[in-house]
Amino acid sequence: MRLFALFYSFFLGSSFLWGAIENPGDLITPSEDPEEVQGILDELASHELEEDERYLLHPANTSSPRDTIVSFIKLTQRFHDLISSEDYSPEDRIEVMHLFGEIQDFFDMRNVPPSLRADYASAAGIYLREIIDRVGLPDLDHIPGEIAMRAAIAEGQPARWQIPGLPFEIARVNSGPEEGRYLFTENTLLEAKAVFQRVREMPYVSEAAKDFYYYFFLTPNPIIPAEWIDALPDWMLRDFYEQTVWQWFSMFAVILIAAFSVWLLRKVLKRISRERSALFRHLCMLIVPSSAIGVSLLGYNLIDDKIFITGEVFQVVTYLLYLVLLASGIIVTFVLGTVICDLVTRSERFEGRTFDSHLARIGIRIGSIIVCLGVLIQGLQQIGFSLATVIAGAGVTGLAVALAAQSTLRNIFGSLMILIDRPFRVGQRIIVSGHDGTVEEIGLRSTRIRLLNGHVTSIPNERMADAEIENVGLRPYIRRVSSIHLAHGMPIEKVNRAVEIIRKLLEPHEVSEGGIHASDDPNAPINYADFPPRVFFNEFNRDSLNILMIYWYHPPEYWNFLEFSQRINEEILEKFREEEIEFAFPTRTVHIAGTKATPFPQIEGEEK
């Protein structure tokens, strides 16, 4: 059956090729004529890559289990030869880093975090090569190639091959970017270390990559001179959890120095910026997380490339590094939004436009929060959380936060409504919910008002957005409505005279063209074309005759208004005294009426 399938496949391929040669006119697109570039093609065909170039450029061949095994042996052998060489050079380092990344192409890494794939694969590759060198492999003819796997798939057999005597399989990937490639399974990736520990004391079948584990896990980067390591005491060279003691000490020293440098920089910048402007303080705050990112990357390079920490320990270090980078990146994004807010609101464009500056500040702040969420989601995905899990978790967390912080969210939306509707501005006097004072700040959560008695009150923006607000600061004038009480017995002539006196006191002294009063006229603030003073005998009170006086003071400067009103009051008192016009004082007359009281009747039996 297998022979028939192979023959059938060969027959179809041959028939197609023969038809293409015999009937070139049947091609939909004519073949390209190589005549113009034949010389270039000949030169390219005659070139052969050097050995170093071939290893540097040739990718992992995983088109069948046989190709995967052969390519894996080639790549790991080259890797071993480079890191174990005494003549290691910077040029070799470029190839080592390339091979370090290429090893992951032999493993199914779909469930491994992107940030850890190279480290997982390199460690598993060394374990796997050490195991194969001790256990051995079957003859190459017994490892299925591409044609054999196609035939097996055609027969309905699974597209996988297990290394004899080992729990390791090479299987065909049926989905994703690696579809069609034969890779070591995820189970192989996870079990390689445990199997290596069991066969570690077995003798080598092939010593071509002898001590691969030692050169990869227990030696520093070849850039560090070997005599430095040889000069260390024996206890510093002992193996402890796949790292030597000196590597542990070196790694912790790098971590402590990095953390101390960031802490010291933060202390220095905090002291320098203590008495400086808010913008300067925010710029200093931006330096600290930025330096943390730089120091973390430098420390990572020392731990990875110089001290050469490997294996699971390095995976933990990488995980912690990504957490530090993620937290620092979020802080940088948030503080950068604050710096942009400071720069934008300090520009001449927003000078005198307090509401526009507050709206721009809140918009930039919300934008920076959105960017922070994007950085958080991307960072969690790199650490190993799947995008679906992150989004689902963000949705659940967002719902929980929304339910727990309903009041805060309502206040934030209230602040947006205030900034959009603009019922008041910073610096204006308002009256809201019984509070009378000047607006000092419109924040995300609340509005701060400096009351007339000097106290500060904070009102949640949710209430401010729904409250009835009386904006005293927007009034174009101050209106005075005053009642002057005259005695009931006052003759009508004197009442009319009182009205005339008050009108005379309020009328303008000088009038310029256009109805605008001279600036040196003391009555100019209350005499405008649309707002002339009004005086009327308007009411009979219970104990007085009432004269109503109304005028509108421009501009609405309260202390000047009080001084003007005091002058008018003094002039009214003086004129009334001259005209003997008396003010009414609150009085009350009580009339008692009734019959003469009679004595109590005498009760019978009472002694006289």
Side-chain angles (χ1 to χ4, degrees), residues 2 60-81 83-84 99 102-112 117 119-174 178 180-218 239 241-242 310-312:
R2 182 177 300 178
N61 184 355
T62 56
S63 56
S64 68
R66 180 190 299 169
D67 293 324
T68 299
I69 288 292
V70 173
S71 183
F72 174 77
I73 296 298
K74 284 183 178 180
L75 188 144
T76 52
Q77 186 62 48
R78 180 64 178 173
F79 195 6
H80 169 272
D81 294 343
I83 64 175
S84 63
L99 296 175
E102 281 289 300
I103 293 181
Q104 64 183 309
D105 292 339
F106 293 101
F107 295 91
D108 187 356
M109 311 287 291
R110 287 176 291 180
N111 295 325
V112 177
R117 286 177 180 175
D119 304 307
Y120 266 91
S122 59
I126 275 63
Y127 294 138
L128 187 58
R129 179 61 193 270
E130 286 276 15
I131 295 168
I132 291 175
D133 285 350
R134 286 173 169 83
V135 177
L137 287 172
D139 292 338
L140 197 61
D141 295 338
H142 292 85
I143 303 176
E146 186 174 357
I147 296 176
M149 293 307 299
R150 288 182 181 177
I153 293 173
E155 293 178 359
Q157 298 181 13
R160 60 176 61 242
W161 177 75
Q162 181 175 344
I163 301 177
L166 294 173
F168 303 145
E169 288 185 338
I170 299 175
R172 186 177 186 274
V173 179
N174 296 320
E178 309 295 334
R181 302 181 64 184
Y182 286 86
L183 306 178
F184 289 104
T185 61
E186 182 181 0
N187 187 63
T188 301
L189 184 72
L190 299 176
E191 293 189 4
K193 180 179 179 180
V195 175
F196 169 70
Q197 296 297 338
R198 293 200 297 268
V199 303
R200 186 173 183 177
E201 302 303 325
M202 292 177 59
Y204 283 100
V205 175
S206 170
E207 296 186 354
K210 185 178 180 181
D211 295 330
F212 202 175
Y213 173 86
Y214 169 78
Y215 288 116
F216 182 79
F217 286 99
L218 304 180
D239 177 8
Y241 208 72
E242 297 183 338
T310 54
E312 294 180 356

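Not measured: the values here are computed from a predicted model.
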Peer 1: Mind checking ring-ring contact (aromatic ring centres under 6.0 Å, His included) for F184 and listing every partner two or more places apart, or none if nothing turns up?
Peer 2: F72, F107
Peer 1: How long is the gap from CD1 on I126 to NE2 on H80, to the nearest 0.5 Å?
Peer 2: 10.0 Å
Peer 1: When rounded to the nearest 0.5 angstrom, what is the spacing between CZ in F106 and CG in L75?
Peer 2: 5.0 Å
Peer 1: Checking S206 now: which residues fulfil side chain to side chain donor-acceptor pair (under 3.5 Å) with it, not counting sequence neighbours?
Peer 2: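 Scan of S206 (side chain to side chain donor-acceptor pair (under 3.5 Å), adjacent residues dropped) gives none.
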Peer 1: To the nearest 0.5 Å, how far apart are CG in N111 and CZ in R117?
Peer 2: 9.0 Å
Peer 1: To the nearest 0.5 Å, what is the distance between CG on D81 and CD on Q77?
Peer 2: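 The distance works out to 4.5 Å.
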Peer 1: Testing the basics here: between A121 and I103, what is the closest heavy-atom pair and its distance to 0.1 Å?
Peer 2: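 Closest approach of A121 to I103, heavy atoms only: O-CG2, 3.2 Å.
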Peer 1: Run the salt bridge (charged side-chain N to carboxylate O under 4.0 Å, His left out) test against D108 and tell me which residues pass, sequence neighbours left out.
Peer 2: R110
Peer 1: Show your working on side chain to side chain contact (heavy atoms under 4.5 Å, CB included) between I153 and Q157 and close with a plain yes or no.
Peer 2: CA-CA 5 Å; I153 293 173; Q157 298 181 13; over 6 Å; no
Peer 1: Run the side chain to side chain donor-acceptor pair (under 3.5 Å) test against T185 and tell me which residues pass, sequence neighbours left out.
Peer 2: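 With neighbours one apart ignored, the set is T188.
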Peer 1: Quick one: list whatever passes salt bridge (charged side-chain N to carboxylate O under 4.0 Å, His left out) with E191, sequence neighbours left out.
Peer 2: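 Salt bridge (charged side-chain N to carboxylate O under 4.0 Å, His left out) check on E191 returns nothing, list empty.
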Peer 1: For W161 and Y182: C-alpha separation, side-chain torsions, deciding distance, then whether side chain to side chain contact (heavy atoms under 4.5 Å, CB included) applies.
Peer 2: CA-CA 9 Å; W161 177 75; Y182 286 86; over 6 Å; no
Peer 1: Without placing hydrogens or testing angles, list every side-chain donor-acceptor pair under 3.5 Å for residues 162-172, not counting sequence neighbours.
Peer 2:
unit_1 : atom_1 : unit_2 : atom_2 : d
Q162   : NE2    : L166   : O      : 2.9
E169   : OE1    : R160   : NH1    : 2.3
R172   : NH1    : N174   : OD1    : 3.1

Peer 1: Let me have the donor-acceptor pairs involving side chains of residues 134-149, under 3.5 Å, with sequence neighbours excluded, atom names and distances please.
Peer 2:
unit_1 : atom_1 : unit_2 : atom_2 : d
R134   : NE     : V199   : O      : 3.4
R134   : NE     : R200   : O      : 3.3
R134   : NE     : M202   : O      : 3.2
R134   : NH1    : E130   : O      : 3.4
R134   : NH1    : E130   : OE1    : 2.4
R134   : NH2    : R200   : O      : 3.3
R134   : NH2    : Y204   : OH     : 3.2
E146   : OE2    : R150   : NH2    : 2.8

Peer 1: Report the C-alpha separation of R129 and I73 in whole Å, then their side-chain angles, then the decisive distance to 0.1 Å, and conclude whether the side chain to side chain contact (heavy atoms under 4.5 Å, CB included) test is met.
Peer 2: CA-CA 8 Å; R129 179 61 193 270; I73 296 298; 4.0 Å; yes
Peer 1: If I take atom CG from residue D105 and atom CG from residue N61, how far apart are they, to the nearest 0.5 angstrom?
Peer 2: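 That separation rounds to 11.5 Å.
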Peer 1: Where the side chain of S71 meets the backbone of T68, is there a donor-acceptor pair that is under 3.5 Å apart?
Peer 2: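 No, because the side chain of S71 does not come within donor-acceptor range (under 3.5 Å) of the backbone of T68.
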Peer 1: Roughly how far apart are T62 OG1 and D67 CG, rounded to 0.5 Å?
Peer 2: 8.5 Å
Peer 1: Checking D211 now: which residues fulfil side chain to side chain donor-acceptor pair (under 3.5 Å) with it, not counting sequence neighbours?
Peer 2: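 Once residues adjacent in sequence are excluded, D211 has no partner under the side chain to side chain donor-acceptor pair (under 3.5 Å) criterion.
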